[in-house]
Visitor: 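Here it is, the structure, as structure tokens.
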Amino acid sequence: MKFLAFSGLALLLLSLESVLVKTFGFEVTRIDVGLALVVYAALRATTVEGALSAFSVGYLLDVFTGRPTGLYPGLAVLVFLLVRGGGVLVDGRSRSSYALFIAAATVGHALLATFLSWVTSSEGHVTSLSGVPLQVVLTVLAGMAMWPLLKKIEPGERPEPGGIRLS
Amino acid sequence: MFDFLKRSRELLIVGALLVWPLISYLWSGHRGREPNFIDRSVLFVSTPVQSLFTWMFDGIGGIGGGYIALRGAHEEAQVCRVSLAEAQAEVNALKEAQAENLRLRAMLSYADESVDQEIVARVIGLNPSAQFNSIRINRGESDGVRVGMPVVTPEGVVGHVVRSVGTSADVMLITDPNSKIGGVVQRTRVRATALGAGPARPLTVDIVRREDDVKDGDVIVTAGSDGIFPRGLRVGIVRSPEKPMVGMFLKGSLEPTVDLSRVEEVLILPVTMGIPAAALDLKETRP
């Protein structure tokens with residue numbers, strides 16, 4: 001039932017993030033704290049538990065948007081699977097590789113979300129991607145800050161480490 | 001069959017978690033669903049947490065201001081440092097209160113001029129996803145806030161309510177790519193549509209014929225034709241209108257009259273689909 005711990009943490013972090021971005025007046029940049037949780041779950045948790053965690057984090061993000069559409073739960077599970085696949089190639093157990101996975105996941109998530117928003121937008125207008133570089137930096141920093149806490153929630157390491165070690 | 005399900009358990013669970021929400025998204029698009037029991041529970045828990053964080057950050061901001069004031073006082077009068085610091089901190093707190101008071105008074109005087117009583121709300125959070133531009137306010141269903149109600153400040157239009165539950169509501173900002181407002185140019189009464197183009201981007205002026213009289217600096221106000229906003233509310237100021245060589249319509253951007261990144265308090269107009277809430281018998285639900 002570790003996914004409940006991930007969900008509780010995600011709820012707290014998303015609440016904090018929504019206030020932080022308001023306080024600092026961010027307009028196009030967000031801190032993707034939920035994604036940092038999804039990446040961690042993909043690298044450390046079992047498949048079912050990790051997928052459930054990713055889904056619940058995405059669900060919460062969906063609720064926080066004000067217009068829950070199902071976009072974010074689906075994307076969170078997709079990112080979970082992609083990171084898990086990447087974890088087979090690259091050893092994702094170290095802190096540095098975790099940061100690398102977060103950066104890649106943030107870019108991929110932003111691109112996919114923008115593309116799918118464009119697909120369903122009647123006017124063809126989509127959000128600018130200009131905030132993504134700063135979003136990557138902030139999300140990586142948030143992930144690094146959460147690392148000790150996440151290790152307490154899910155200390156387990158996947159039995160089959162990736163082939164390439166980054167550190 | 002049972003063995004197959006048992007063997008493919010992981011695949012089926014993960015597949016369902018992936019496919020179901022994406023199909024739901026592609027099916028419903030940007031419309032979103034009505035808040036269900038889980039959504040309401042999440043919002044019931046998160047709203048007080050957001051309010052608490054907002055209160056904490058406001059407090060930290062006050063302390064930071066007090067610290068700056070304290071350093072100034074130290075340079076000016078070292079002997080009276082402690083007492084001056086206290087005085088400065090108090091002055092700073094009073095300044096904050098005064099600024100808030102002025103904003104609220106401006107809103108109340110606005111409310112006095114209006115036919116119906118607006119609901120004053122505080123912004124407690126920004127949507128953590130960059131794809132949807134919305135804010136969360138600390139007034140909801142229990143305060144009489146309903147989906148579709150316009151949200152404004154004395155400076156102009158902020159957006160409209162897209163979800164209202166318990167003690168909070170979400171407001172889609174006018175900069176959201178799905179936002180579309182029917183407006184008129186205040187000076188010439190030429191009809192125009194203001195389309196959202198994403199955060200930190202000006203709105204787009206649409207469906208204005210190239211021969212119509214629209215100049216840089218013209219104010220666009222709501223026309224009351226979109227079924228959401230009553231007429232006469234300021235939307236934005238036209239910037240750099242261009243008449244293209246080909247095509248029927250003018251191209252231009254619209255700078256919102258409200259600084260949406262700095263908005264702290266808002267007014268919710270109790271009208272839905274242009275009908276006053278009182279007429280819909282919604283007023284009795286307010287405390």
Side-chain angles (χ1 to χ4, degrees), chain A residues 11-12 14-23 25-34 47-48 51-52 54-55 58-78 80-81 110 113-114 116-117 119-128 130-132 135, chain B residues 9-10 13-14 17-33 35 38-39 42-43 45-46 49-50 53-54 56-58 61 123-136 162-163 170-172 175 177-178 180 195-201 204 260-262:
Chain A
L11 185 59
L12 186 71
L14 286 171
S15 302
L16 177 62
E17 186 204 338
S18 73
V19 178
L20 273 176
V21 291
K22 175 187 95 70
T23 305
F26 291 161
E27 285 191 84
V28 291
T29 293
R30 298 289 185 269
I31 313 163
D32 247 326
V33 285
T47 306
V48 172
L52 280 171
F55 181 85
Y59 187 92
L60 290 173
L61 182 57
D62 218 25
V63 172
F64 268 76
T65 62
R67 278 167 296 159
T69 54
L71 173 64
Y72 292 108
L75 275 185
V77 178
L78 186 59
F80 167 82
L81 290 172
T114 305
L116 288 171
S117 299
V119 165
T120 55
S121 167
S122 55
E123 300 296 330
H125 287 164
V126 288
T127 305
S128 161
S130 60
V132 173
Q135 191 170 329
Chain B
R9 191 179 67 100
E10 278 193 359
I13 290 173
V14 176
L17 291 175
L18 174 70
V19 173
W20 171 59
L22 286 178
I23 287 179
S24 154
Y25 173 71
L26 293 171
W27 186 263
S28 66
H30 283 277
R31 288 194 300 275
R33 60 167 186 270
I38 302 170
D39 297 351
V42 168
L43 295 168
V45 174
S46 65
V49 178
Q50 284 178 308
F53 281 134
T54 303
M56 278 168 60
F57 283 115
D58 286 353
V123 178
I124 56 168
L126 208 64
N127 162 21
S129 141
Q131 275 69 41
F132 300 95
N133 307 136
S134 61
I135 53 173
R136 186 170 293 172
V162 287
R163 179 179 63 192
D170 292 277
V171 177
M172 182 170 87
T175 48
N178 292 295
K180 192 187 267 186
L195 301 173
R201 278 180 176 178
T204 309
L260 296 168
S261 65
R262 298 266 177 269

Visitor: At a heavy-atom distance under 4.5 Å, which candidate from B:Val19, B:Val162, B:Val171 has the highest pair count against chain A?
Guide: B:Val162

Visitor: What part of B:Ser134 gets within 4.5 angstrom of chain A, counting heavy atoms only: side chain, backbone, both, or neither?
Guide: side chain

Visitor: Check the pair B:Leu43, A:Phe64 against side chain to side chain contact (heavy atoms under 4.5 Å, CB included), reporting the backbone distance first and the verdict last.
Guide: CA-CA 8 Å; B:Leu43 295 168; A:Phe64 268 76; 6.0 Å; no

Visitor: A:Thr23 versus chain B, heavy atoms under 4.5 Å apart: side chain, backbone, both or neither?
Guide: side chain

Visitor: With B:Gln50, which residues qualify under side chain to side chain donor-acceptor pair (under 3.5 Å), at least two apart?
Guide: A:Ser18, B:Arg136

Visitor: Would you mind telling me which of A:Asp32, A:Ile31, A:Leu61 has the largest number of heavy-atom pairs within less than 4.5 Å of chain B?
Guide: A:Leu61

Visitor: Between A:Lys22 and B:Ser261, is any pair of side-chain heavy atoms under 4.5 Å apart?
Guide: no

Visitor: In chain order, what residues pass the ring pair (Phe, Tyr, Trp, His ring centres under 6.0 Å) check against A:Tyr72, with sequence neighbours excluded?
Guide: A:His109

Visitor: For the side chain of B:Tyr25 and the backbone of A:Leu116, is there at least one donor-acceptor N/O pair under 3.5 Å apart?
Guide: yes

Visitor: Could you grab the distance from atom CG of A:Leu16 to atom CZ of B:Phe53, nearest 0.5 Å is fine?
Guide: 4.5 Å

Visitor: Decide yes or no for B:Ile124 and A:Val19: does some side-chain heavy atom of the first lie under 4.5 Å from some side-chain heavy atom of the second?
Guide: no

Visitor: Can you tell me which of A:Leu71, A:Val48, A:Leu20, A:Leu52 forms the most heavy-atom pairs within a distance under 4.5 Å of chain B?
Guide: A:Leu71

Visitor: Please examine the side chains of B:Met172 and A:Arg67, heavy atoms only from C-beta on, and report whether any two atoms are closer than 4.5 Å.
Guide: yes

Visitor: As an exercise: rank A:Gly66, A:Gly70, A:Gly74 by heavy-atom pairs under 4.5 Å with chain B and give me the winner.
Guide: A:Gly66

Visitor: Answer yes or no: is there a side-chain heavy-atom contact under 4.5 Å between A:Val63 and B:Arg163?
Guide: yes

Visitor: Mind checking the CG-CG spacing from A:Asp62 to B:Asp39? Nearest 0.5 Å is all I need.
Guide: 8.5 Å

Visitor: Side chain, backbone, both or neither: which part of B:Val45 has a non-hydrogen atom closer than 4.5 Å to chain A?
Guide: side chain

Visitor: Less than 4.5 Å to any heavy atom of chain A: does that hold for the side chain of B:Arg33, its backbone, both, or neither?
Guide: both

Visitor: Side chains of B:Leu17 and A:Phe80: closer than 4.5 Å at any heavy-atom pair?
Guide: no

Visitor: Go through B:Asn127, B:Asp170, B:Ile13 and name the one with the most non-hydrogen pairs under 4.5 angstrom from chain A.
Guide: B:Asn127

Visitor: Looking at every heavy atom in both A:Val77 and B:Val14, which two are closest together, and how far apart are they?
Guide: CG1-O, 4.1 Å

Visitor: Find out whether B:Leu126 and A:Glu17 are in side-chain contact, i.e. whether some heavy atom of one side chain is under 4.5 Å from a heavy atom of the other.
Guide: no

